[in-house]
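One structure is given here, and the rest of the page talks about it.
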Amino acid sequence: MYQTAYHDRDLSQFSVLITGGAGFIGSNLVEYFLKYGAKKVRVIDNFLTGFRENLAPYMDHPNFELIEGDISVLADCEKACEGMDAVCHQAALGSVPRSVAQPHLTTLHNVNGFVNMVHAAHQAGIKRFVYASSSSVYGDEPNLPKVEDRIGQQLSPYAITKYSNELFAKNFGDLYGMEFMGFRYFNVFGPKQSPKGAYAAVIPLFAEACLLGKTAYINGDGLQTRDFTFIENVVQMNVKALLTENPAAYNQVYNVGVGGRYSVLDLYEGIRKAAGSEQAPVHRESRAGDIRDSQANIEKAKTLLEYNPLFSFEEGLAITVQHFKQLLKA
Ligand SMILES: NC(=O)c1ccc[n+]([C@@H]2O[C@H](COP(=O)([O-])OP(=O)(O)OC[C@H]3O[C@@H](n4cnc5c(N)ncnc54)[C@H](O)[C@@H]3O)[C@@H](O)[C@H]2O)c1
């Protein structure tokens with residue numbers, strides 16, 4: 001992966017803090033920045049939902065540093081920000097159903113953690129701060145595709161925490177003169193996403209089920225649609241935002257998707273075929289707090305950040321299933 005460089009700047013003088021770097025998206029960002037010679041890639045992670053194995057290949061890299069710390073603790077954030085040029089904030093407690101079951105924990109990590117990180121970055125003199133929001137911010141807004149300035153009522157505590165990040169970013173951008181860019185990710189998938197735990201994302205679960213002959217569960221009728229987005233497109237967006245010199249791009253939120261729309265049944269079929277499985281899925285109850293349909297309009301990111309997603313849903317799925325095949329063989 002990452003055969004294409006999404007930047008033209010020399011990174012040998014660029015130090016970036018990746019929060020949540022042991023997680024799925026964060027560890028892919030670590031891979032990119034080390035591959036292209038960043039001066040320093042520092043991760044802060046408390047391993048709540050992240051994995052040491054995601055960072056294992058980089059532990060001995062001279063430009064890599066891991067801080068085992070918690071963003072809900074201000075002192076940890078201050079330590080993490082020291083000497084950094086930019087913050088790439090991915091740490092959060094993901095999952096809509098988890099936030100319905102444990103809203104206090106989601107709020108602690110996603111809201112307090114966010115404010116701590118921004119405060120620490122500001123104190124350390126860091127201006128550039130890009131962060132993960134979520135397409136769940138759109139809530140019950142019915143129109144497709146989703147455009148950034150038209151949102152509805154959020155449908156879960158998780159979505160509210162992500163929307164609050166956007167509100168804080170807007171305010172702190174004005175107050176502190178910082179350069180925020182927030183990303184409404186649309187169902188990201190790819191290598192290093194975990195099938196483990198009660199709140200695992202659906203794609204690694206389907207892949208594991210089809211490859212190992214386990215049961216694959218589909219919530220509801222499976223006709224709910226999503227703009228499933230391959231991880232390399234998401235990394236591209238983060239890279240472009242972290243390095244852009246276009247002031248019109250600062251203090252904005254962006255959809256990060258591909259602009260496609262596939263049902264969960266389409267998804268299951270794609271994975272089943274790529275895995276060479278004959279197995280049918282089992283349907284169960286729909287989940288509370290879930291959006292029915294989702295699809296990104298990505299014009300804003302294209303215009304302001306020259307975002308150009310190179311990987312289609314099908315290409316991403318093929319790479320992902322191949323990755324899980326190799327992992328399960330090992
Ligand atoms: N994966 C998706 O489809 C998707 C969609 C929308 C938004 N997002 C957002 O993107 C970001 C990354 O998601 P991901 O899929 O990589 O999730 P992930 O769970 O794999 O990674 C999150 C990482 O943050 C760490 N973390 C959580 N709380 C922390 C804390 N208090 N202190 C330090 N580290 C902490 C976890 O240990 C984990 O390594 C999250 O903010 C998530 O809400 C993801």
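Heavy-atom basis, side chains included; hydrogens, waters and symmetry copies ignored. Whatever order the structure lists ligands and atoms in, that order sets their numbers, starting from 1.
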May I ask you to list the atoms of ligand 1 that are less than 4.0 angstrom from any heavy atom of Asn187? 3 (O)
Can you tell whether the side chains of Arg292 and Asp221 come within less than 4.0 Å, N to carboxylate O? yes
Parallel, tilted or perpendicular: which fits the ring planes of Phe129 and His89, with parallel below 30° and perpendicular above 60°? tilted
Are the ring centres of Phe189 and Phe230 closer than 6.0 Å? yes
Ligand-residue contact atoms, ligand 1 with Ala92, heavy atoms, under 4.0 Å: 22 (C), 24 (O), 27 (C), 40 (C), 41 (O), 43 (O)
Answer side chain, backbone, both or neither: which part of Thr49 comes under 4.0 Å from ligand 1, heavy atoms only. both
Under 4.0 angstrom from atom 37 (O) of ligand 1, is there any protein heavy atom? yes
Which residue from Ser194, Ala91, Gly26 reaches closest to atom 24 (O) of ligand 1 through any of its heavy atoms? Ala91
Of the listed options Ser133, Gly94, Ala132, closest to atom 7 (C) of ligand 1 (non-hydrogen atoms): Ser133
Out of His109, Gln193, Lys162, indicate the one that has the non-hydrogen atom closest to atom 41 (O) of ligand 1. Lys162
Please work out whether any backbone atom (N, CA, C, O) or any side-chain heavy atom from C-beta onward of Phe186 is under 4.0 Å from ligand 1, and answer side chain, backbone, both or neither. neither
Give the atom numbers and elements of ligand 1 that come within less than 4.0 Å of a heavy atom of Ile25. 1 (N), 10 (O), 12 (C), 13 (O), 16 (O), 44 (C)
